[in-house]
Protein chains: 2
Amino acid sequence: MSPAHMTIGEVAGRSGLPAKTIRYYEDIGLIRPLRGENGYRSFRESDLHKLAFLGRARALGFSIEDCRTLLELYEDNARESAQVKQVAQQHLAQIEEKIAQLQAMHETLSHLVHACAGDSRPDCPILADLGSGGSDCHTS
Amino acid sequence: MSPAHMTIGEVAGRSGLPAKTIRYYEDIGLIRPLRGENGYRSFRESDLHKLAFLGRARALGFSIEDCRTLLELYEDNARESAQVKQVAQQHLAQIEEKIAQLQAMHETLSHLVHACAGDSRPDCPILADLGSGGSDCHTS
DNA sequence: CATAAGGGTTCCAGTCACTGGAAGGTCAAG
DNA sequence: CTTGACCTTCCAGTGACTGGAACCCTTATG
C-alpha cells in the first residue's frame with residue numbers, strides 16, 4: 001500500500017528521523033534519494049530501509065562514519081562478518097570506557113552529594129573538595 | 001617558592017590544563033588574569049586556584065555553565081549549601097541517565113557481537129538486526 | 001482569482017568545549 | 001645576531017545535528 005515514492009515528510013514519519021536529519025544524511029552522502037520534477041526529494045523503499053538502518057545504528061551509538069561503513073558492508077553481499085564484528089567490537093569497547101568514566105564520576109560525586117547537608121548554611125563538602133582537590137572521605 | 005605572578009605556561013603546567021583551554025576560559029569570562037607590560041597574561045595564585053577548581057569540576061563532568069555557577073558559589077561566603085547540592089544532584093541524575101543509556105546499548109550490542117561468527121562468511125546477525133529492526137534473540 | 005495553510009527547498013548560523021594552525025611579538029642564551 | 005622557546009591574536013574545524021530565514025509548490029477555500 002505504500003506508494004512507490006515518498007516525500008521527506010513521509011519517510012521522516014516512517015523512519016522516525018527528523019526531516020532535517022534526513023537532509024543532512026543526504027548532504028554527507030549516506031543516502032541518495034531521487035528528485036521529482038518540482039525539485040522535491042523522492043524516496044524509494046530502499047531509501048527508507050537505509051534510513052531505518054541508520055536510525056538503529058545511531059541508536060546503538062555508532063558514529064556517522066561507523067554507520068557509513070556498516071551500511072557499505074550491509075549492501076555488500078561479499079562482506080566478511082569479521083569486518084562487521086570488528087567495527088562493533090571497537091564501538092563496544094568505547095562504550096565500556098565511557099561507562100567506566102561515568103561510573104567513576106558517579107562514585108565521587110554521589111559521595112560528595114551525600115556528605116553535603118544541603119541546607120541554608122554555607123559549609124559544603126562539594127565545594128571543599130573542588131577547591132582542595134582531595135576527597136576528605138577517610139580523613140578524620 | 002612560587003613567584004607572585006605566573007605565565008600561562010606555568011599555570012598550564014601546575015593546573016594540568018592546556019594553555020589553549022586557559023585562554024578559552026578567559027574568553028568566556030571564567031577567569032580574569034592580569035596583563036604584564038608586554039601583553040602577556042599574568043596569573044596570581046588565586047587564578048591558579050580557580051583553574052584547578054575548574055579542572056576538577058570539569059573532570060567530574062560538570063558543564064562550563066555549571067562550573068561558572070559553582071565557582072560563583074565557591075567565592076560567595078554567604079552561599080547556601082543547598083544551592084551547591086542542587087547543581088550537583090541534577091548533574092548526578094544526568095550521569096545516571098547517560099549510564100543507563102550506555103548500558104542499554106551495551107546490552108544489545110554485546111549480544112549481537114557475541115552472536116556474530118566474525119569469520120570470512122557474509123552472514124552477520126549484527127547487520128541482520130540493524131536491517132530488520134528486531135533482535136532475534138529469543139526467536140527460534 | 002486571491003490567498004492561506006501546509007508541505008517542500010536552500011543556505012547560514014549556532015550548539016559544546018575545545019583544538020589546530022597561521023602570523024607575528026618577546027625574551028634569554030650562545 | 002640569531003636561534004629557539006615562549007607568548008599574543010584570530011580564524012577555522014570538530015560531531016551530529018538543530019533552528020531559522022527566505023523562498024517555492026500544491027491544494028482548498030472565499
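Note on naming: letters A, B, ... go to the chains in the order of the sequence lines (proteins, then strands), and numbering restarts at 1 for each one.
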Which residues within residues 49-73 of chain B lie with some heavy atom under 4.0 Å of an atom in DNA chain D?
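The answer is none.
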
Counting C-beta onward and ignoring hydrogens, is there a side-chain heavy-atom pair between A:Phe53 and B:Leu127 closer than 4.5 Å?
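A side-chain contact under 4.5 Å exists here.
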
Any side-chain heavy atom of A:Tyr25 sitting closer than 4.5 Å to one from A:Ile31?
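The answer is yes; the side chains approach within 4.5 Å.
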
In whole Å, what is the span from the [atom1] atom of [X] to the [atom2] atom of [N]?
X	N	atom1	atom2	value
B:Lys98	C:dC16	NZ	C1'	11 Å
A:Tyr24	C:dT9	OH	C1'	19 Å
A:His5	C:dG8	NE2	C1'	17 Å
B:Met6	D:dC6	CE	C1'	17 Å
A:Ile28	C:dC11	CD1	C1'	17 Å
B:Leu30	C:dA17	CG	P	10 Å
B:Arg35	D:dT8	CZ	C1'	8 Å
A:Leu34	C:dT9	CG	C1'	17 Å

Of A:Met6, A:Lys50, A:His5, the residue whose pairing with A:Arg44 passes side-chain contact (heavy atoms from CB on, under 4.5 Å):
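Among the candidates, only A:His5 passes.
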
For the [atom1] atom of [X] and the [atom2] atom of [Y], what is their distance to the nearest 0.5 Å?
X	Y	atom1	atom2	answer
B:Leu102	A:Glu97	CG	CD	11.5 Å
A:Gln94	A:His91	CD	NE2	7.0 Å
B:Leu130	A:Leu54	CG	CG	9.5 Å

B:Ile28 reachable from B:Leu73 in the ILVMFWY side-chain graph, under 4.5 Å edges
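Yes, B:Leu73 connects to B:Ile28 through the hydrophobic network.
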
Derivation and outcome, side-chain contact (heavy atoms from CB on, under 4.5 Å), residues B:Val11 and B:Arg14
CA-CA 5 Å; B:Val11 284; B:Arg14 283 171 186 243; 5.5 Å; no

Please report the C-alpha distance between B:Arg121 and A:Glu80 in whole Å, then the side-chain angles of each, then the deciding distance to 0.1 Å, and finally whether the side-chain contact (heavy atoms from CB on, under 4.5 Å) criterion is met.
CA-CA 5 Å; B:Arg121 289 170 300 166; A:Glu80 301 184 1; over 6 Å; no

Would you classify B:Ile8 as touching base, sugar-phosphate or nothing, given that sugar-phosphate means primed atoms plus P, OP1 and OP2, and contacts are heavy atoms under 4.0 Å?
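The answer is sugar-phosphate, as B:Ile8 gets under 4.0 Å only of primed atoms, P, OP1 or OP2.
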
Under 3.5 Å, which protein N or O atoms sit close to an N or O of nucleotides 20-24 of chain C? Give each pair with its distance.
residue : atom : partner : partner atom : Å
C:dG20  : N7   : B:Lys20 : NZ           : 3.0
C:dG20  : O6   : B:Lys20 : NZ           : 3.0
C:dG21  : O6   : B:Lys20 : NZ           : 2.2

Give a yes/no answer on whether the side chain of [X] brings an N or O atom under 4.0 Å of OP1 or OP2 in [N].
X	N	answer
A:Arg41	C:dT9	yes
B:Tyr25	C:dA17	no
B:Asn38	C:dC27	yes
B:Thr7	D:dC7	yes

Residue pairs fulfilling side-chain hydrogen bond (donor to acceptor under 3.5 Å, both in side chains) with at least one residue in residues 56-69 of chain B, sequence neighbours excluded
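Matches after skipping sequence neighbours: B:Glu65-B:Arg68.
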
Judged by modelled atom types alone, do A:Ser81 and B:Asp123 share a side-chain donor-acceptor pair under 3.5 Å?
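Note: A:Ser81 and B:Asp123 side chains miss the donor-acceptor criterion.
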
State, without any angle test, whether B:Tyr74 and B:His49 hold a side-chain donor-acceptor pair at a distance under 3.5 Å.
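There is such a pair (donor and acceptor under 3.5 Å, judged by atom type) between the side chains of B:Tyr74 and B:His49.
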
Between B:Thr21 and B:Leu17, is there a donor-acceptor pair closer than 3.5 Å when you use the side chain of the first and the backbone of the second?
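Checked: no pair found.
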
On a heavy-atom basis, which atom in A:Ile8 and which in A:Ala19 lie closest, and how many Å separate them?
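Nearest heavy atoms, A:Ile8 then A:Ala19: CD1-O, 3.6 Å.
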
Using five pairs at each end of the helix from C:dC1-D:dG30 to C:dG30-D:dC1 to define an axis, what is the angle between those two axes, to 10°?
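The angle, to the nearest 10 degrees, is 40°.
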
Of B:Pro18 and A:Ser42, the one whose closest DNA chain C nucleotide lies more 5':
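It is A:Ser42 whose nearest nucleotide is closer to the 5' end.
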
Distances under 3.5 Å only, N/O to N/O: pair up the protein atoms with those of nucleotides 2-6 of chain C.
none

Test salt bridge (charged side-chain N to carboxylate O under 4.0 Å, His left out) on B:Arg41 and B:Glu26 and set out the steps.
CA-CA 10 Å; B:Arg41 288 172 184 80; B:Glu26 182 186 8; 2.4 Å; yes

State whether the number of non-hydrogen atoms from other residues, nucleotides or ligands found under 6.0 Å of B:Gln101 atom CD is greater than 12.
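Yes, CD of B:Gln101 has more than 12 neighbouring heavy atoms, counting only those of other groups under 6.0 Å.
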
Hey, is CZ on B:Arg32 packed in by over 12 heavy atoms from elsewhere, all under 6.0 Å?
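No - once you tally the heavy atoms of other residues, nucleotides and ligands closer than 6.0 Å, there are 12 at most.
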
Name the pairs: protein N/O against N/O of nucleotides 2-5 of chain D, kept only if under 3.5 Å.
none

Residue mapping more 5' on DNA chain D - nearest nucleotide basis, B:Ala19 or A:Thr21
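Mapping each residue to its closest nucleotide by heavy atoms, the 5'-most match is B:Ala19.
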
